[in-house]
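In what follows, a structure is listed as structure tokens, so that the remarks can point back to it.
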Amino acid sequence: MAWTADKLPLPELVETSDELDQKATQLAGLIRQSKHFIVFTGAGISTSAGIPDFRGPEGAWTLQAQGRQRTTGVTSTLQAIPTATHMALVELQNRGLLKYLVSQNCDGLHRRSGILPDKISELHGNNNREICKDCGKEYIRDFRAVADYTKSVHDHRTGRKCTRCGGVLHDTIINFTESLPERELQLAYDHAKRADLCLVLGSSLTVTPANEIPEVVGNRRRRGAKLVICNLQATPLDGMAELRVHAKTDELMVGVMRELGMETPGFVLQRRLAATVEVAGQGRGQRCKVTVAGVDVDGTPVSFLRAVKLVNNRRVLKAEPFVFDLRGDVADGGLELELELDFMGHYGEPNLQLVHGVQEKDIGVAAVYLLEYNPYNGEWRTTRQLGTPGVAVL
Ligand SMILES: [Zn+2]
């Protein structure tokens, strides 16, 4: 990718509240009428979560160009609460209105907020995702998935290995001059070509080739495709826009959701836990192998546990894989496993006790629990999910 950064940031323009209301109404109408609505997001959508943007007055590259350093007010991306914009997009996805999301952000907040893996192209990677170049398997981590040893910027090895094939894992971050991930870029183009409405949120649209995605839609305006841009500063594609909004993205999206008659949901941290019991041996010598692992909605492994305790035999495991060996007879009326989960805890989530009941029919089948943590009231909610295809526990 390529980019430019100016020493003097472009001025930030702001609409009056009447103008903003009017534009929110207009955009809500466009969304309602759309058949294939896509959204393109940049760093501007995460600034209210405490994550700095790049080209705003306090943006990372503006500061760099001016030789200044940031001093306060920055939240770690692992602790950031997704913004009203993130959560509005999740609701629009869940209602079937938002068909695809293309993001330049690598803070991982879209995925954490509830955007499904097959609904997003993260063009510049994701700080929390690493991938095996040999077999293609992905891993999501509740920590920065980068190497903890010093290495050159273009060396993407993280030092971890693929549990499926033993291959070397690589981070997914795209540095300047590196090319974008082919599949994600292709999917973004495919959706842009089909889109009749593209909403740009919080991007200055100066980074190529990512900015070509909204341009594809803008170029089809004679055929009815509409480009809407919400960014405080001017962008090079403003001339193509059907509607141009100078506002913070949260202000616009709150207005749009109100016009659509939809509530913007509060952020809930969603974790999925797969528990599998396998049995070896017979009679008195029978033993159970209990495997506990974090998974994504599509079965991709997710590392979010610091430790797991199997209360039944008081064993504590402090590193993946969490595999316990237990004496027990499932056939004889079932087995009740008592687990205590200790999380990496970026949202201050407390330990969670989980009782996993196992019947004979459950042997060898992964049971998946949806664990929802509400950071506003500090409570966990646990739901055992029925039939989750595609989950394979390693
Ligand atoms: Zn592999």
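Atom set for the values below is all heavy atoms of this structure, side chains included, hydrogens, waters and symmetry mates excluded. We're numbering straight along the sequence, starting at 1.
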Nearest 0.5 Å please: distance from the [atom1] atom of [X] over to the [atom2] atom of [Y].
X: Leu89; Y: Gln93; atom1: CG; atom2: CD; answer: 9.0 Å
X: Leu337; Y: Leu354; atom1: CG; atom2: CG; answer: 9.5 Å
X: Thr172; Y: Glu122; atom1: OG1; atom2: CD; answer: 7.0 Å
X: Glu178; Y: His124; atom1: CD; atom2: NE2; answer: 11.0 Å
X: Cys230; Y: Leu252; atom1: SG; atom2: CG; answer: 4.5 Å
X: Arg111; Y: Leu109; atom1: CZ; atom2: CG; answer: 12.5 Å

Taking [Y]'s backbone N and O only, do any of them form a donor-acceptor pair with [X]'s side chain (distance below 3.5 Å, no angle check)?
X: Ser121; Y: Glu184; answer: yes
X: Thr158; Y: Ala145; answer: no
X: Asn105; Y: Gly42; answer: yes
X: Asn312; Y: Glu336; answer: yes
X: Trp380; Y: Glu349; answer: no
X: Asn128; Y: Gly108; answer: no
X: Arg221; Y: Gly218; answer: yes
X: Arg271; Y: Val295; answer: no
X: Asn374; Y: Glu379; answer: no
X: His110; Y: His86; answer: no

May I ask you to say whether Lys23 pairs ionically with Asp18, meaning some side-chain N is under 4.0 Å from a carboxylate O?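 Salt bridge flag = no for Asp18 with Lys23.
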Decide, yes or no, whether a salt bridge links Asp250 with Lys248 under the criterion of side-chain N to carboxylate O below 4.0 Å.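 No, no charged N to carboxylate O under 4.0 Å.
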Using a 4.5 Å cut-off on heavy atoms from C-beta on, say whether the side chain of Tyr139 contacts that of Cys162.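 Yes. Closest side-chain heavy atoms under 4.5 Å.
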Can you run down the side chain to side chain donor-acceptor pair (under 3.5 Å) pairs that involve residues 26-39, sequence neighbours left out, and say none if there aren't any?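 Of all non-adjacent pairs touching residues 26-39, those that pass side chain to side chain donor-acceptor pair (under 3.5 Å) are His36-His191.
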Report the C-alpha distance between Thr300 and Asp298 in whole Å, list the side-chain angles of each, state the deciding distance to 0.1 Å, and finish with yes or no for side chain to side chain donor-acceptor pair (under 3.5 Å). CA-CA 6 Å; Thr300 297; Asp298 60 356; 2.9 Å; yes
Is there a side chain to side chain contact (heavy atoms under 4.5 Å, CB included) between Leu98 and Tyr100? Walk through the geometry before answering. CA-CA 6 Å; Leu98 172 62; Tyr100 203 70; 5.9 Å; no
Just checking, any donor-acceptor pair under 3.5 angstrom between side chains of Glu91 and Thr264?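 Their side chains do not contain a donor-acceptor pair, so the 3.5 Å distance test is not met.
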Check the side chains of Ser303 and Asp142 for a donor-acceptor pair under 3.5 angstrom, ignoring hydrogens and angles.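 The criterion, which ignores hydrogens and geometry beyond distance, is not satisfied for Ser303 and Asp142.
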Applying side chain to side chain donor-acceptor pair (under 3.5 Å), run through Asp190 and Gln186 and close with a yes or a no. CA-CA 6 Å; Asp190 292 348; Gln186 191 55 51; 3.0 Å; yes
Could you tell me which residues satisfy side-chain contact (heavy atoms from CB on, under 4.5 Å) with Thr235, sequence neighbours excluded, listed by chain and number?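 Applying side-chain contact (heavy atoms from CB on, under 4.5 Å) to Thr235 gives Leu205, Ile229, Asn231, Leu237, Asp238, Arg244.
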side-chain contact (heavy atoms from CB on, under 4.5 Å) against Val254, all qualifying residues, sequence neighbours excluded: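 Val254 satisfies side-chain contact (heavy atoms from CB on, under 4.5 Å) with Ala84 once adjacent residues are dropped.
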Decide side chain to side chain donor-acceptor pair (under 3.5 Å) for Glu212 and Tyr189; before the verdict, give the C-alpha distance in whole Å, the side-chain angles of both, and the deciding distance to 0.1 Å. CA-CA 9 Å; Glu212 289 168 14; Tyr189 274 115; 2.4 Å; yes
Check the surroundings of atom [atom1] in [X]: do more than 12 heavy atoms from other residues, nucleotides or ligands lie under 6.0 Å from it?
X: Glu340; atom1: CD; result: yes
X: Arg381; atom1: CZ; result: no
X: Glu19; atom1: CD; result: yes

Would you please test Arg287 and Asp325 for salt bridge (Lys or Arg N to Asp or Glu O under 4.0 Å) and show each step? CA-CA 7 Å; Arg287 300 200 72 85; Asp325 182 53; 2.8 Å; yes
How is the hydrophobic cluster of Met344 composed, in terms of its other members, when Ile, Leu, Val, Met, Phe, Trp and Tyr link through side-chain heavy atoms under 4.5 Å apart, directly or indirectly?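 So far as hydrophobic clustering goes, Met344 is joined with Phe143.
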Other hydrophobic cluster members with Ile173, side-chain heavy atoms of Ile/Leu/Val/Met/Phe/Trp/Tyr under 4.5 Å, chained?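 Listed partners: none, Ile173 stands alone.
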Between Ser103 and Thr41, is the side chain to side chain donor-acceptor pair (under 3.5 Å) condition met? List the steps. CA-CA 5 Å; Ser103 184; Thr41 63; 2.8 Å; yes
ring-ring contact (aromatic ring centres under 6.0 Å, His included) against Phe267, all qualifying residues, sequence neighbours excluded: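 Tyr347.
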Please walk me through it: do Cys288 and Leu335 pass side chain to side chain contact (heavy atoms under 4.5 Å, CB included)? CA-CA 10 Å; Cys288 293; Leu335 190 67; 3.9 Å; yes
In terms of hydrophobic clusters joined by side-chain contacts under 4.5 Å, are Met253 and Leu30 together?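 Yes, Met253 connects to Leu30 through the hydrophobic network.
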Do Ile131 and Val302 belong together in a cluster built from hydrophobic side chains that touch within less than 4.5 Å?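 As far as the 4.5 Å side-chain criterion goes, Val302 and Ile131 are not connected within one cluster.
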Begin with the C-alpha distance, continue with both residues' side-chain angles, and end with the deciding distance and a verdict on salt bridge (Lys or Arg N to Asp or Glu O under 4.0 Å) for Asp296 and Arg129. CA-CA 12 Å; Asp296 202 353; Arg129 186 155 52 93; over 6 Å; no
